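To start, the structure itself, in structure tokens.
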Amino acid sequence: MRKHFWWISCVALILFISVIGWTPVSATKNSVITKTTLTAKELFAQYVNTVYQTARLQETGLNVEVFQKALTGYFNLKSANLLSQSSNVITVVDFSKPSRQKRMWIIDVLSKHLLLNTWVAHGQGSGNDMATQFSDTNESHQSSLGFYLADDIYVGKHGRSLRLDGLDEGFNTSARARGIVIHAADYVSEGAIAQMGRLGRSFGCPAVSPLVVNQVINTIKGKSLFFINGNNPTYTSKYLSENVLANFTSPDSDSMVDSVKL
């Protein structure tokens with residue numbers, strides 16, 4: 001009788017533990033979904049990091065925060081239909097770095113590939129090795145910050161060049177009137193750095209080496225994004241708005257246009 005009692009007690013205890021520890025399958029699934037669901041902003045941050053790591057941009061000195069600014073502008077400009085819908089290339093220039101460093105990056109954000117990293121000059125009115133002053137005023141010979149469209153090709157006094165259209169009111173919208181373009185300059189070279197400790201300077205144009213000018217122009221022509229970053233706490237842009245990220249859905253989309261619901 002006593003053995004029978006203990007046997008019943010053990011069975012009851014096992015059943016009690018099983019009931020206490022049992023969790024419905026649906027509850028487990030819901031818990032997993034809750035933990036893995038990301039917000040649109042988190043998806044965008046994940047996408048930024050994926051491109052940044054895959055293109056190995058950290059190794060070339062591009063700051064991830066500057067890259068994120070450029071990509072935020074890219075999606076804002078896509079949403080506003082200002083970029084060519086077939087354009088997956090962005091150009092980032094970071095004038096917070098000295099001219100002796102390669103501070104221009106051209107990146108294919110669809111293939112997640114760095115196309116070119118090279119030297120670029122700033123305006124002589126902006127500073128010597130470091131650009132510290134920026135202006136959109138004619139004859140200032142200073143560089144202008146912000147978002148541009150890299151537009152059409154022409155042949156001028158510097159040879160084959162590419163016009164830039166400034167998009168940030170108060171910061172670079174006089175670019176066309178000022179003649180701010182991408183052009184070749186002999187003072188953008190390793191030889192200039194060896195001689196002066198820095199690059200030569202332009203009248204405000206983001207001038208590049210004659211060795212790469214055709215590659216730059218041919219890669220970014222036709223209304224692609226061109227972004228110039230610099231140390232200026234007063235710089236603002238509507239194209240840095242994160243509102244557009246609310247529509248960001250797929251960091252691994254096959255089409256950059258499909259990543260944002262336009």
Side-chain angles (χ1 to χ4, degrees), residues 62 66-67 69-71 73-74 77-78 80-95 99 102-110 113-126 131 134-136 138-168 171-189 192 199-230 237 239 256:
L62 178 56
V66 174
F67 178 58
K69 284 182 183 180
L71 268 184
Y74 173 82
L77 292 174
K78 278 279 192 180
N81 293 315
L82 292 174
L83 295 178
S84 165
Q85 289 303 305
S86 62
S87 175
N88 300 311
V89 172
I90 67 173
T91 304
V92 183
V93 171
D94 189 3
F95 282 153
S99 69
K102 292 183 177 181
R103 52 185 181 171
M104 173 190 278
W105 296 262
I106 302 177
I107 306 150
D108 187 321
V109 294
L110 178 58
H113 182 64
L114 175 63
L115 302 176
L116 181 67
N117 176 213
T118 191
W119 291 281
V120 59
H122 58 253
Q124 62 182 218
S126 289
F134 304 95
S135 173
D136 195 31
N138 196 28
E139 302 300 329
S140 68
H141 294 175
Q142 293 184 16
S143 297
S144 303
L145 301 180
F147 290 100
Y148 298 78
L149 293 180
D151 200 358
D152 58 309
I153 300 170
Y154 75 101
V155 178
K157 63 181 180 179
H158 297 291
R160 193 164 179 259
S161 305
L162 186 67
R163 291 187 177 94
L164 296 173
D165 285 320
L167 301 173
D168 284 324
F171 292 95
N172 63 16
T173 48
S174 297
R176 279 266 184 172
R178 293 179 63 200
I180 301 301
V181 302
I182 296 170
H183 65 76
D186 291 331
Y187 52 74
V188 182
S189 67
L199 294 181
R201 298 160 300 164
S202 68
F203 279 5
C205 296
V208 298
S209 166
L211 298 176
V212 300
V213 66
N214 283 326
Q215 180 183 357
V216 171
I217 290 173
N218 293 339
T219 303
I220 72 175
K221 65 182 180 180
K223 297 188 183 301
S224 71
L225 178 143
F226 191 94
F227 175 60
I228 298 180
N229 180 71
S237 174
Y239 300 111
M256 293 304 297

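Just so it is clear, the structure is predicted and the values come from calculations on it, not from any experiment.
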- Dump the intermediate steps for side chain to side chain donor-acceptor pair (under 3.5 Å) on Asp136 and Asn172, then the final yes or no. CA-CA 5 Å; Asp136 195 31; Asn172 63 16; over 6 Å; no

- Message: So, taking the atom named OH in Tyr74 and the one named CZ in Phe67, what distance separates them when rounded to the nearest 0.5 Å?
- Response: 11.0 Å

- Message: Testing the 3.5 Å rule here: is there a donor-acceptor pair between the side chains of Arg178 and His141?
- Response: no

- Query: For Tyr187, is the NZ or CZ atom of Arg201 found under 6.0 angstrom from the centre of its six-membered ring and inside 45 degrees of the ring axis?
  - Reply: no

- Do we see a donor-acceptor contact under 3.5 Å between the side chains of Asn88 and Asp108? no

- Item | Val93 side chain near Phe227 side chain, heavy-atom distance below 4.5 Å | no

- Message: Pair Leu77, Leu167 - check side-chain contact (heavy atoms from CB on, under 4.5 Å), show working.
- Response: CA-CA 10 Å; Leu77 292 174; Leu167 301 173; 3.6 Å; yes

- Taking every non-hydrogen atom, the tightest pair across Gly222 and Ser84: O-CB, 3.6 Å

- Considering non-hydrogen atoms only, spot the tightest contact between Ile180 and Phe203 and give its length. CD1-O, 4.5 Å

- Value for OG (Ser87) from CG (Leu83), rounded to nearest 0.5 Å, stands at 5.5 Å

- State, to 0.1 Å, how close Arg163 and Asp152 come at their nearest heavy-atom pair, and which atoms those are. NH1-OD2, 2.7 Å

- If we only count heavy atoms from C-beta on, is the Pro210 to Asp186 side-chain gap below 4.5 Å? yes

- With a 4.5 Å limit on heavy-atom distance, are the side chains of Lys69 and Asn229 in contact? yes

- Check ion pair Lys223-Asp151 (N to O, under 4.0 angstrom): yes

- Residue pair Val89, Ile107: steps toward the side-chain contact (heavy atoms from CB on, under 4.5 Å) verdict: CA-CA 6 Å; Val89 172; Ile107 306 150; over 6 Å; no

- Contact check, side chains of Thr91 and Leu225, non-hydrogen atoms, under 4.5 Å: no

- Message: Which heavy atom of Cys205 sits nearest to which heavy atom of Gly179, and what is that distance?
- Response: SG-O, 3.4 Å

- Message: Classify the ring geometry of His122 against Phe95: parallel below 30°, tilted from 30° to 60°, perpendicular beyond 60°.
- Response: perpendicular

- Message: With side-chain contact (heavy atoms from CB on, under 4.5 Å) as the criterion, how do Leu164 and Leu149 come out once you've worked through the C-alpha distance, each side chain's angles and the decisive distance to 0.1 Å?
- Response: CA-CA 6 Å; Leu164 296 173; Leu149 293 180; over 6 Å; no

- Query: Do the side chain of Lys78 and the main chain of Gly73 share a donor and acceptor less than 3.5 angstrom apart?
  - Reply: no

- Okay, side chain of Thr219, backbone of Gln215: is any donor-acceptor separation there less than 3.5 Å? yes

- Is there a donor-acceptor contact under 3.5 Å from the side chain of Ser209 to the main chain of Ser189? no

- Item | Side chain to side chain, Asn214 and Arg160, heavy atoms closer than 4.5 Å | yes

- Would Met104 and Val92 satisfy side-chain contact (heavy atoms from CB on, under 4.5 Å), going step by step from the backbone distance to the final call? CA-CA 6 Å; Met104 173 190 278; Val92 183; over 6 Å; no

- Do any N or O atoms from the side chain of Lys102 and from the backbone of Val120 form a donor-acceptor pair under 3.5 angstrom? no

- Task: Kindly say whether Ser143 contributes a backbone atom to a donor-acceptor pair with the side chain of Ser126 at under 3.5 angstrom?
- Result: yes

- Message: Checking the side chain of Ser99 only, and the main-chain atoms of Leu199 only, is there a donor and an acceptor separated by less than 3.5 Å?
- Response: yes

- Do Leu116 and Val216 have side-chain heavy atoms sitting under 4.5 Å apart? yes

- side-chain contact (heavy atoms from CB on, under 4.5 Å) with Phe226: of Leu162, Ile182, Ile90, only one passes, and it is Ile182

- Message: Let's go through Asp165 and Arg176 carefully: what are the C-alpha distance in whole Å and the side-chain angles of both, what is the deciding distance for salt bridge (Lys or Arg N to Asp or Glu O under 4.0 Å) to 0.1 Å, and is it a yes or a no?
- Response: CA-CA 6 Å; Asp165 285 320; Arg176 279 266 184 172; 2.5 Å; yes

- Message: So does Trp105 get a backbone contact from the side chain of Asn117, meaning a donor-acceptor N/O pair under 3.5 Å?
- Response: no

- Task: Could you tell me whether the side chain of Val212 reaches within less than 4.5 Å of the side chain of Trp119, counting heavy atoms only?
- Result: no

- Task: Check whether any side-chain heavy atom of Phe171 sits under 4.5 Å from a side-chain heavy atom of Ser144, and report yes or no.
- Result: no

